[in-house]
Amino acid sequence: MSRYEMIPVAEAMTIVRSAVRRLPSEEVETREAAGRVLAEDVYSSENVPPFRASTVDGFAVIATEGATTLRVAQEITAGEANRPAVAAGTAARIMTGAPVPDGADAVVMIEDTQTADGQVTIRRAAKPGDNIRPIGVDIAEGALVLRAGTQVGISDIGVLMTLGQTRIQCYRRPVVALLSTGDELVEPGEPVPAGSIRDSSRYALMAAVREAGGVPLSLGKARDDRDLQTNLVREGIERADVLLTAGGVSMGDRDFIKPALEELGTIRFGRINFRPGMPLTFAEIGTKLAFGLPGNPVASLVTFEVFVRPTLLRMQGMPNPERPRVEVEIEHDFAAPGGRTEYHRAIVRWSAGKLLARSTGLQLSSRLLSMTGHNALVILQPGNEPLKAGTQVPAILTGPLLSAENLGV
Ligand code: AMP
Ligand code: MG
């Protein structure tokens with residue numbers, strides 16, 4: 001019997017959540033800030049546009065002069081400023097984005113004019129303000145433009161750059177140390193002796209860390225040697241904010257991760273009522289967090305998705321660390337989940353007003369192909385009855401929905 005009580009998934013989530021602290025902020029280059037979370041309110045110190053700008057190519061005029069013929073007194077292209085005022089009886093040829101000169105209060109688009117012999121005939125009278133972007137219409141000076149806690153998106157980079165804010169304060173990204181364990185592991189690309197397998201979990205987890213905004217730090221793979229693994233766990237905890245190990249957390253004679261975590265810190269839980277990944281182990285070591293993930297690649301990735309990913313997002317101050325949770329209708333019968341809460345990899349599509357889910361097939365925790373193409377984890381409560389097609393079940397969306405026509409691969 002395991003020394004660790006098997007706790008429900010919700011309880012494990014609460015324990016992890018209450019251990020997470022947001023990381024401090026740091027100054028970063030705006031150009032590299034996409035996806036990061038602002039740690040400061042950003043105010044505009046300027047009006048955008050800072051001058052009255054023409055929105056069309058045409059003629060700057062005095063609106064009250066109406067549909068008439070005017071002398072073209074000057075030409076103004078974008079980037080030019082301090083041009084003479086427009087006087088009665090004249091117009092200024094003006095390009096999109098150029099400052100509208102004093103005197104003029106409207107721009108007539110070129111399509112509504114006719115030019116000949118240095119004169120322009122206005123065929124349609126303008127109203128004051130036509131085709132002029134007033135000062136500050138896009139962003140007013142002093143306005144709060146982005147709040148602390150905003151995840152910097154693509155357009156936000158544009159907002160910051162238009163205001164000249166080339167550096168901003170963002171929460172730090174967590175450094176995540178990764179260690180895989182097992183005498184049987186060989187480096188992908190190396191020859192594989194009989195009885196050995198390639199280390200896939202560490203590389204998949206490193207990609208998952210990056211996707212979650214973390215900075216992976218690989219500690220390599222460790223043989224099943226208690227002292228070696230304990231030393232590497234210690235090194236990971238020293239160098240990173242979070243340590244992830246893969247393997248060595250079950251009941252085998254050579255599973256040394258739980259003892260190592262116990263020696264260095266406090267294990268908060270060592271077993272959860274969860275499939276795939278019952279032996280997931282969570283420990284606090286000083287102010288650092290350690291997750292002993294199961295070795296099987298699917299179990300390590302699904303426990304990462306459910307427990308580690310939201311943790312890494314919270315550390316970065318992310319406003320929305322949780323995936324969307326929805327109700328889906330299963331398209332075919334699902335086998336009974338048995339004694340544990342099952343996070344079943346599925347493909348969800350939007351069809352005729354409903355979210356329909358179908359399984360990715362055999363759910364072995366070693367079968368990485370059960371994750372290929374999945375965009376949801378369907379949550380099946382413990383039970384011995386199969387679930388009939390048409391049943392509604394909760395799911396978390398881990399990727400974009402498929403359209404009705406697209407059945408995936
Ligand atoms: P363990 O928890 O160490 O007993 O590992 C459970 C299963 O996952 C065993 O079949 C291991 O060979 C396999 N496994 C462990 N670590 C990895 C890894 N990094 N990559 C792929 N498979 C692994
Ligand atoms: Mg092992």
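We count ligands from 1, going down the list as the structure has it; atoms in each ligand are counted the same way. Starting from 1, each residue takes its place in the sequence as its number.
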Ligand 1 contact on Arg198 by region, counting heavy-atom pairs under 4.0 Å: backbone
Residue Ser180 vicinity, atoms of ligand 1 by number, heavy atom under 4.0 Å: 19 (N)
Heavy-atom nearest neighbour in the protein, as seen from atom 14 (N) of ligand 1, with distance rounded to 0.1 Å: Gly295 O, 3.4 Å
Option with minimal heavy-atom separation from atom 19 (N) of ligand 1, where the choices are Leu178, Asp199, Val249, Leu368: Asp199
Closest approach of any protein heavy atom to atom 22 (N) of ligand 1, naming residue and atom: Ile197 CD1, 3.4 Å
Side chains of Ile257 and Gln229 in contact at under 4.5 Å (non-hydrogen atoms): yes
Ligand 1 contacted by Gly248 (non-hydrogen, < 4.0 Å): yes
Pairs meeting criterion salt bridge (charged side-chain N to carboxylate O under 4.0 Å, His left out) with involvement of residues 143-153, two or more places apart: none
Heavy-atom gap Ser250 to ligand 1 smaller than 4.0 Å: yes
Per-atom contacts, ligand 1 versus Ser201 - under 4.0 Å to a heavy atom: 17 (C), 18 (C), 19 (N), 20 (N), 21 (C)
Side chain to side chain donor-acceptor pair (under 3.5 Å) partner of Arg254, chosen from Thr181, Asp183, Asp224: Asp183
Can you list, pair by pair, the side-chain donor-acceptor contacts under 3.5 Å of residues 266-279, counting residues two or more places apart and other chains?
{"from": "Arg268", "atom 1": "NE", "to": "Glu284", "atom 2": "OE2", "distance (Å)": "2.6"}
{"from": "Arg268", "atom 1": "NH2", "to": "Glu284", "atom 2": "OE2", "distance (Å)": "3.3"}
{"from": "Arg271", "atom 1": "NE", "to": "Tyr4", "atom 2": "O", "distance (Å)": "2.8"}
{"from": "Arg271", "atom 1": "NH2", "to": "Tyr4", "atom 2": "O", "distance (Å)": "3.2"}
{"from": "Asn273", "atom 1": "OD1", "to": "Thr341", "atom 2": "N", "distance (Å)": "3.0"}
{"from": "Arg275", "atom 1": "NH2", "to": "Pro337", "atom 2": "O", "distance (Å)": "3.3"}

Heavy-atom nearest neighbour in the protein, as seen from atom 8 (O) of ligand 1, with distance rounded to 0.1 Å: Asn296 N, 3.1 Å
Ser200 heavy atom under 4.0 Å from ligand 1: yes
Any donor-acceptor N/O pair, Arg345 side chain to Thr372 backbone, under 3.5 Å: no
Side-chain donor or acceptor of Gln151 paired with backbone N/O of Gly35 under 3.5 Å: yes
Side chain Gln74, main chain Pro84, donor-acceptor under 3.5 Å: yes
Crowding at CD, Glu29 (>12 non-hydrogen neighbours, <6.0 Å): yes
Nearest protein heavy atom with distance in Å, relative to atom 9 (C) of ligand 1: Glu184 OE2, 4.1 Å
